[in-house]
Amino acid sequence: MKGKDNLSDGEKTGTGRKAVERQTELGMIKVDMEYPYPCVPPPEIREEKDGKLLIITASHTFRIRNGKMEISPVFYQSCMHPEKIHIDPVQIRIDGEEICFQVRNQQWTIHRSEASLVEILPWEAKIKKKSCIPCTNCGRCSW
């Protein structure tokens, strides 16, 4: 990808992780290439053979249509196996007049003319509940 005029490669973020930035219709999108937990699929920015731009990132939350819709990466920790942790990143496919966002099996599509209505916010993977214990089938959580 080196040599692309609107792609910055190999910078370090404030956390010291390698990042790649790309100017798009949505604005500047940063893709951290290193996260504290595995991303499935891994982060990347690439141009596909048919001219579509594919961005996979867990660095941002995308707020669309004045806050009516918010698209964020999903931080997943198994309640039965708390050591199994991964991030489902946001996949953005920019193709001509459509911009498609996808996380897991959910998909949202906006028209290119709505790109200026997308607000890009930072996102960080954090474990919210620090006192997670392995399941003992006690029934308290209604499983």
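Only a predicted model underlies this, so the values are computations on that prediction, with no experimental measurement involved.
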Rounded to the nearest 0.5 angstrom, the NZ-CE distance for Lys18 and Met33 is 6.0 Å
Using a 3.5 Å cut-off and no angle test, enumerate the donor-acceptor pairs between side-chain atoms of residues 50-62 and protein atoms at least two apart in sequence or in another chain.
| residue | atom | partner | partner atom | Å |
| --- | --- | --- | --- | --- |
| Asp50 | OD1 | Lys52 | N | 3.4 |
| Thr57 | OG1 | Lys30 | O | 3.2 |
| Thr57 | OG1 | Ser59 | N | 3.0 |
| Thr57 | OG1 | Ser59 | OG | 3.4 |
| Ser59 | OG | Asp32 | N | 3.1 |
| Ser59 | OG | Tyr35 | OH | 2.8 |
| His60 | NE2 | Lys30 | N | 3.0 |
| His60 | NE2 | Lys30 | O | 3.2 |
| Thr61 | OG1 | Ser72 | OG | 3.1 |

Salt bridge (Lys or Arg N to Asp or Glu O under 4.0 Å) partners of residues 72-84, not counting sequence neighbours, each pair once | none
Partners passing salt bridge (charged side-chain N to carboxylate O under 4.0 Å, His left out) against Glu25 (at least two apart in sequence or in another chain) = Arg112
Residues Tyr37, Phe75; criterion ring-ring contact (aromatic ring centres under 6.0 Å, His included); working and verdict | CA-CA 9 Å; Tyr37 306 101; Phe75 182 79; 5.1 Å; yes
How far does CD1 of Ile71 sit from CD1 of Ile92, to the nearest 0.5 angstrom?
-> 8.5 Å
Any chance you could lay out the side chain to side chain contact (heavy atoms under 4.5 Å, CB included) test for Arg22 and Val31, step after step, and finish with the verdict?
-> CA-CA 8 Å; Arg22 174 78 186 244; Val31 177; over 6 Å; no
Reported CD1-to-CD1 distance for the pair Ile120 and Ile29, which is rounded to 0.5 angstrom | 4.5 Å
Kindly give the cluster partners of Val40, where membership spreads through any ILVMFWY side chain lying under 4.5 Å from a current member.
-> none
Test side-chain hydrogen bond (donor to acceptor under 3.5 Å, both in side chains) applied to Glu98 - qualifying residues, sequence neighbours left out = none
Salt bridge (charged side-chain N to carboxylate O under 4.0 Å, His left out) partners for Glu48, two or more places apart | Arg46, Arg93
Just jot down the side-chain hydrogen bond (donor to acceptor under 3.5 Å, both in side chains) partners of Ser113, sequence neighbours excluded, or say none.
-> His111
For residues 101-110, which residue pairs qualify under side-chain hydrogen bond (donor to acceptor under 3.5 Å, both in side chains), counting only residues two or more places apart or in two chains?
-> Asp88-Arg104
Non-hydrogen side-chain atoms of Val90 and Trp123 separated by less than 4.5 Å = no
